[in-house]
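Take a look at the structure set out below.
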Amino acid sequence: MSDRITKCFAKAKAEGRGAFVSYLTMGYPTLAQSEEAVDDAIAGGVDIVELGVPFSDPFADGAVIRSAAYEALKQNVTLDDVLAAAKRIRAKHPDTAIVLFTYYNLVFSKGLETFAKAAAEADIDAVLSVDLPLEERDELLDVLKPYGITYVPLIAPNTPIERVIASAEGLENSFLYIITVKGITGARAELPADLTARLDAIRAAVKLPIAAGFGISTQAQAKVVSAHADGFVVGSALVKRLGAEGSLKGELLP
């Protein structure tokens, strides 16, 4: 199994910072532009890239990512297209960890074994399925593991600590994605007052690294989160900028 994710977090820790995890909707504004944006993000300091597969009902996502997904679908960007893009990205960035961010319907419809094989051929490190509950996770994980691919769980703000611990069990070379706010994705002016205490509690309870996301859009917010987590995730802010400017060249966070 690939240890790129573990190495990315270890490298960031050694450098005294939180690991920078980015999310981009593949196919937006175009597939070529989204691929180029991944290159720019990595050049700008991103450690782990989440490649979002456009889906027709992205219920966990806010207006920015939802709109991006619809635009990508209008261009007929599919799961296979994103896997092909991931393969090209991997060829250019052998050390960057790549997470495929998707909804389970797309994976299940392709066939679990077929999907796992294709993800392995693209050298994906991990899969994150937004809508796959803990109780059903092993249905996918058991198929991914033989191909050397791990799974990234999403942890909701109201998830009991016992369930957080259970979510981390059986995983290696992965991380927990801690959702910072109740609701959908999207940049926020402020993060919840009780977030740091929750991150501290989760960090103390599990051995896997934790990265917090949903709502982070500035360096200041990333710094606050990184003091209590091993990394931070930025999605909507990058997708919005990419849509407005057509690229992500230069400084990624204000």
Side-chain angles (χ1 to χ4, degrees), residues 21-42 46 48-90 92 98-133 136 139-140 143-144 149 151-152 154 177 179 183-187 213-215 217 233-248 252:
V21 184
S22 70
Y23 167 92
L24 289 169
T25 301
M26 299 306 292
Y28 177 77
T30 66
L31 188 58
Q33 283 177 295
S34 61
E35 279 190 59
E36 185 178 345
V38 172
D39 294 337
D40 292 339
I42 294 170
V46 163
I48 300 171
V49 294
E50 294 178 345
L51 306 182
V53 182
F55 183 55
S56 59
D57 185 25
F59 58 82
D61 294 307
V64 171
I65 294 177
R66 185 180 292 267
S67 177
Y70 289 164
E71 288 299 318
L73 289 173
K74 283 166 61 177
Q75 300 172 61
N76 299 313
V77 175
T78 66
L79 171 59
D80 288 341
D81 292 328
V82 178
L83 288 169
K87 192 171 185 178
R88 294 190 291 269
I89 292 166
R90 168 60 69 223
K92 292 180 285 185
I98 299 177
V99 177
L100 192 74
F101 192 110
T102 187
Y103 285 79
Y104 195 55
N105 180 275
L106 297 174
V107 174
F108 188 80
S109 296
K110 187 173 179 62
L112 299 187
E113 191 74 28
T114 302
F115 167 76
K117 183 177 180 181
E121 289 174 352
D123 211 354
I124 295 290
D125 296 292
V127 174
L128 190 162
S129 180
V130 178
D131 50 351
L132 188 61
E136 299 174 25
E139 176 181 282
L140 176 59
V143 179
L144 293 176
I149 302 171
Y151 185 81
V152 176
L154 273 177
Y177 185 140
I179 299 174
I184 54 179
T185 60
F214 279 41
S217 60
V233 187
V234 182
S236 295
L238 297 180
V239 174
K240 183 177 181 179
R241 177 180 160 188
L242 179 58
E245 301 178 11
S247 82
L248 292 180
L252 294 177

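When a residue number appears, it is its place in the shown sequence, counting from 1.
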Which pair of non-hydrogen atoms, one from [X] and one from [Y], has the smallest distance, and what is that distance?
{"X": "A120", "Y": "I149", "value": "N-CD1, 3.6 Å"}
{"X": "S247", "Y": "R241", "value": "O-NE, 4.0 Å"}
{"X": "V77", "Y": "M26", "value": "CG1-O, 3.9 Å"}
{"X": "L24", "Y": "S34", "value": "CD1-O, 4.4 Å"}
{"X": "S22", "Y": "A41", "value": "OG-CB, 4.3 Å"}

Please examine the side chains of [Y] and [X], heavy atoms only from C-beta on, and report whether any two atoms are closer than 4.5 Å.
{"X": "Q33", "Y": "P29", "value": "yes"}
{"X": "I89", "Y": "I98", "value": "yes"}
{"X": "V82", "Y": "P54", "value": "yes"}
{"X": "Y151", "Y": "L128", "value": "no"}
{"X": "F55", "Y": "L106", "value": "yes"}

Trace of the side chain to side chain contact (heavy atoms under 4.5 Å, CB included) decision for L144 with L140: CA-CA 6 Å; L144 293 176; L140 176 59; 3.7 Å; yes

Rounded to the nearest 0.5 Å, what's the gap from [atom1] on [X] to [atom2] on [Y]? Could you check?
{"X": "T30", "Y": "E71", "atom1": "OG1", "atom2": "CD", "result": "11.5 Å"}
{"X": "I179", "Y": "F214", "atom1": "CD1", "atom2": "CZ", "result": "4.0 Å"}
{"X": "L31", "Y": "N76", "atom1": "CG", "atom2": "CG", "result": "12.0 Å"}
{"X": "L242", "Y": "K240", "atom1": "CG", "atom2": "NZ", "result": "13.5 Å"}

Evaluation steps, side chain to side chain contact (heavy atoms under 4.5 Å, CB included), between D39 and E35: CA-CA 7 Å; D39 294 337; E35 279 190 59; 5.6 Å; no

The criterion is ring pair (Phe, Tyr, Trp, His ring centres under 6.0 Å); which residues satisfy it with Y28, sequence neighbours excluded?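 Partners of Y28 under the ring pair (Phe, Tyr, Trp, His ring centres under 6.0 Å) test: none.
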
Does [Y] offer a backbone N or O that forms a donor-acceptor pair with the side chain of [X] under 3.5 Å?
{"X": "D131", "Y": "Y103", "value": "no"}
{"X": "D125", "Y": "V99", "value": "no"}
{"X": "R90", "Y": "A122", "value": "no"}
{"X": "E50", "Y": "L100", "value": "no"}
{"X": "E139", "Y": "L132", "value": "no"}

Among V53, L51, T25, V130, side chain to side chain contact (heavy atoms under 4.5 Å, CB included) partner for F101: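 Looking at V53, L51, T25, V130, the match for F101 under the side chain to side chain contact (heavy atoms under 4.5 Å, CB included) is V130.
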
K92 atom NZ, over 12 foreign heavy atoms within 6.0 Å: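 Counting other residues, nucleotides and ligands, NZ of K92 exceeds 12 neighbours.
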
Would Y23 and V49 count as a side chain to side chain contact (heavy atoms under 4.5 Å, CB included) here? Give the steps. CA-CA 6 Å; Y23 167 92; V49 294; over 6 Å; no

Extract all donor-acceptor atom pairs below 3.5 Å that involve side chains of residues 107-116 and protein atoms in other chains or at least two apart in sequence.
{"from": "S109", "atom 1": "OG", "to": "N105", "atom 2": "O", "distance (Å)": "2.7"}
{"from": "K110", "atom 1": "NZ", "to": "D80", "atom 2": "OD1", "distance (Å)": "2.7"}
{"from": "E113", "atom 1": "OE2", "to": "Y147", "atom 2": "OH", "distance (Å)": "2.6"}

